[in-house]
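Data first, discussion second: the structure below is written as structure tokens.
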Amino acid sequence: MKELVEIIAKALVDNPDEVVVTEKEDGRNITIELHVASSDMGKVIGKQGRIAKAIRSVVKAASSKDNKRVDVEII
């Protein structure tokens with residue numbers, strides 16, 4: 001899941017070198033933290049959070065086959 005979020009985020013931002021994705025696993029729950037440059041924050045979140053919601057939907061669909069619950073946090 002970490003690689004999926006990283007690929008999507010790097011495609012969206014102007015500074016792909018500043019994209020950092022960390023993954024924390026706790027049993028069936030996985031938390032993915034996405035760090036981007038402050039100037040790219042709006043591009044990752046999108047108008048009314050649409051892009052952030054789309055990223056979460058894609059990750060949720062990909063994680064359903066592993067029977068895990070994944071939360072994506074944009075920091």
Per-pair distances, 0.1 Å, donor-acceptor, side chain in residues 32-41, under 3.5 Å, sequence neighbours excluded:
{"from": "Glu33", "atom 1": "OE1", "to": "Thr22", "atom 2": "OG1", "distance (Å)": "3.4"}
{"from": "Glu33", "atom 1": "OE2", "to": "Lys24", "atom 2": "NZ", "distance (Å)": "3.3"}
{"from": "Asp40", "atom 1": "OD1", "to": "Asp14", "atom 2": "N", "distance (Å)": "3.3"}
{"from": "Asp40", "atom 1": "OD2", "to": "Asn15", "atom 2": "N", "distance (Å)": "3.2"}

query = Which residues satisfy the salt bridge (Lys or Arg N to Asp or Glu O under 4.0 Å) test with Asp66, sequence neighbours excluded?
reply = none

query = More than 12 non-hydrogen atoms from neighbouring residues, nucleotides or ligands closer than 6.0 Å to NZ on Lys60, yes or no?
reply = no

key: Set of salt bridge (Lys or Arg N to Asp or Glu O under 4.0 Å) partners for Glu23, sequence neighbours left out   = none

message = Do Lys68 and Met1 have side chains that approach each other closer than 4.5 Å (heavy atoms only, starting at C-beta)?
response = no

query = Listed by chain and number, what are the salt bridge (Lys or Arg N to Asp or Glu O under 4.0 Å) partners of Glu18, not counting sequence neighbours?
reply = none

Side-chain donor-acceptor distances from residues 44-57 under 3.5 Å, at least two apart:
{"from": "Arg56", "atom 1": "NE", "to": "Val72", "atom 2": "O", "distance (Å)": "2.9"}
{"from": "Arg56", "atom 1": "NH2", "to": "Val72", "atom 2": "O", "distance (Å)": "3.1"}
{"from": "Ser57", "atom 1": "OG", "to": "Lys53", "atom 2": "O", "distance (Å)": "3.0"}

key: side chain to side chain contact (heavy atoms under 4.5 Å, CB included) partners for Arg69, two or more places apart   = Asn29, Asp71

request  = List in chain and number order the residues that pass salt bridge (Lys or Arg N to Asp or Glu O under 4.0 Å) with Lys2, two or more places apart in sequence or in another chain; answer none if no residue qualifies.
outcome  = none

